[in-house]
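All values below come from the heavy atoms of this structure, side chains included, with hydrogens, waters and symmetry mates left out.
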Amino acid sequence: MTPTRIDWVAEHCRLLRSISAEFKDTLPFRGLTIGTGIHLEAKTVALLLTLRDGGARLVSTGNLNTTQPEAVAALRAEGVTVIGDPTKDREEHGRYLDEVIAGRPDLILDNGGDLFAKYLDAPYDGLRGGTEETTSGRMRLEPLRDRLRLPILVINDSPIKQFAENEHAVGQSSLESYLRFTNRVTNGEQVTVFGYGACGRGVAASFRGACARVTVVDTDPVARLRAHLDGFAAPPREEAIASADVIITVTGARDVLTAADLPLLRDGVILANAGHFPAEIDVEGIAGSPGVAGLREYADDLMTLELTDGRRIHVISRGHMFNLAGPRPLGNSIESMDLGFALQARCLEAVANGSVDAGSCVVPVPGRIDAAIATSYLDRKYPAPPGA
């Protein structure tokens with residue numbers, strides 16, 4: 001049988017391979033069920049099989065519009081229970097999440113806070129805690145701490161995740177995905193990036209590296225100042241929208257662009273979202289605006305809105321996370337996800353063995369885990385010379 005991309009990814013997830021070998025001996029999850037709601041793609045397969053090798057029973061589902069059939073098939077072939085198939089329907093996705101929680105998992109690996117929110121709708125005894133992958137999920141779960149009262153470690157708040165995946169890999173994958181989706185030039189184009197957190201910094205830097213003229217918008221004046229001092233234009237929001245050939249949102253917030261912004265948008269502008277939830281660009285509200293006369297959808301997850309005044313607005317992947325959607329979705333680099341997923345495995349291990357308690361409810365990864373993962377990665381990059 002010809003090796004697949006999933007095999008290629010597994011070969012290059014060196015940290016997970018090492019952890020998997022260790023987990024086969026230590027079995028930190030023996031007798032435990034882990035419920036997961038995370039993008040199901042090639043790199044996630046490596047993570048979930050690592051947890052399986054640690055003795056876990058897995059009940060898994062994906063996220064909206066990012067589930068890859070090849071990943072689902074590979075996991076099911078390995079005996080992992082995968083709920084549902086690829087979907088863009090929020091209600092259908094909600095039913096998949098309900099089914100994961102119905103399995104009463106002992107640990108939750110969440111991505112966006114969906115599973116923990118479902119748990120609070122129908123609490124049960126035995127949940128030990130778990131992990132949350134994203135800033136969007138952390139923002140959602142922080143106000144719920146008093147109700148959760150469980151150890152929940154936020155992977156995205158690890159400095160490793162911030163610089164390795166968010167700043168470097170999200171920028172790289174967003175640029176790659178933009179080129180793959182549109183086959184359009186970046187040289188000389190005016191690109192406006194909404195959000196100047198770690199992900200936004202990476203997106204802005206990557207498009208500048210591709211010879212685009214980049215403008216940054218952020219509601220935080222300190223972040224906006226940082227963008228200015230980093231050499232990006234940082235004008236008022238309306239000016240940044242009106243001058244843009246491309247707008248990319250990566251804020252973790254809702255309704256960053258709405259129908260109210262239609263009068264500002266330039267003819268031919270391309271809208272894309274790299275944030276976790278497909279709510280940063282209100283595509284449904286924009287498409288349903290009285291100012292929209294028609295809509296064309298293309299085979300490769302591209303859409304054009306035709307306005308009554310003759311302008312055209314192009315939208316990538318209907319506002320879903322475009323660096324992990326559409327044709328041949330690759331997502332972030334293998335090495336960056338290997339680092340992030342190694343953090344996931346070690347954090348779930350810490351919750352399972354009780355080395356973190358309810359006082360660690362929606363908090364960053366413990367520093368000792370960050371240090372161990374960084375050391376493991378560097379030891380593989382800089383091995384000791386023979387005989388040393």
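Ring planes of His12 and Trp8: tilted class, angle from 30 to 60°.
Aromatic rings of His39 and His276 (six-membered ring for Trp) have centroids within the 6.0 Å cut-off, being under it.
Of the possible donor and acceptor atoms, one in the side chain of Asp7 sits under 3.5 Å from a partner among the backbone N and O of Thr4.
Remark: of the listed residues Val216, Ile247, Val250, Ile247 is the sole one forming a side-chain contact (heavy atoms from CB on, under 4.5 Å) with Phe194.
Ion pairing of Arg52 with Glu78 is present here, as a side-chain N (NZ or NE/NH1/NH2) and a carboxylate O approach within less than 4.0 Å. Under a 4.0 Å N-O distance rule, the pair Arg201/Glu167 qualifies as a salt bridge.
Donor-acceptor pairing under 3.5 Å is lacking for the side chains of Asn323 and Ser177. Looking only at atom types and distance, the side chain of Asp89 has no donor-acceptor partner in the side chain of Thr87 under 3.5 Å away.
Of all the heavy atoms in Ala274 and Met321, the pair that sits closest is O-CG, 3.7 Å. In plain terms, the two heavy atoms of Ile6 and Glu70 that are nearest each other are CD1-O, 3.5 Å.
Applying the 6.0 Å contact sphere to CZ of Arg145 captures more than 12 heavy atoms from other residues, nucleotides or ligands. More than 12 heavy atoms of other residues, nucleotides or ligands shown are found within 6.0 angstrom of CZ on Arg380.
Stacking of Arg208 on the aromatic ring of Phe232 is recorded, both the 6.0 Å distance cut-off and the 45° axial limit being met.
In this view, Ala342 and Leu15, Ile19, Ile373 satisfy the side chain to side chain contact (heavy atoms under 4.5 Å, CB included) rule, not counting sequence neighbours.
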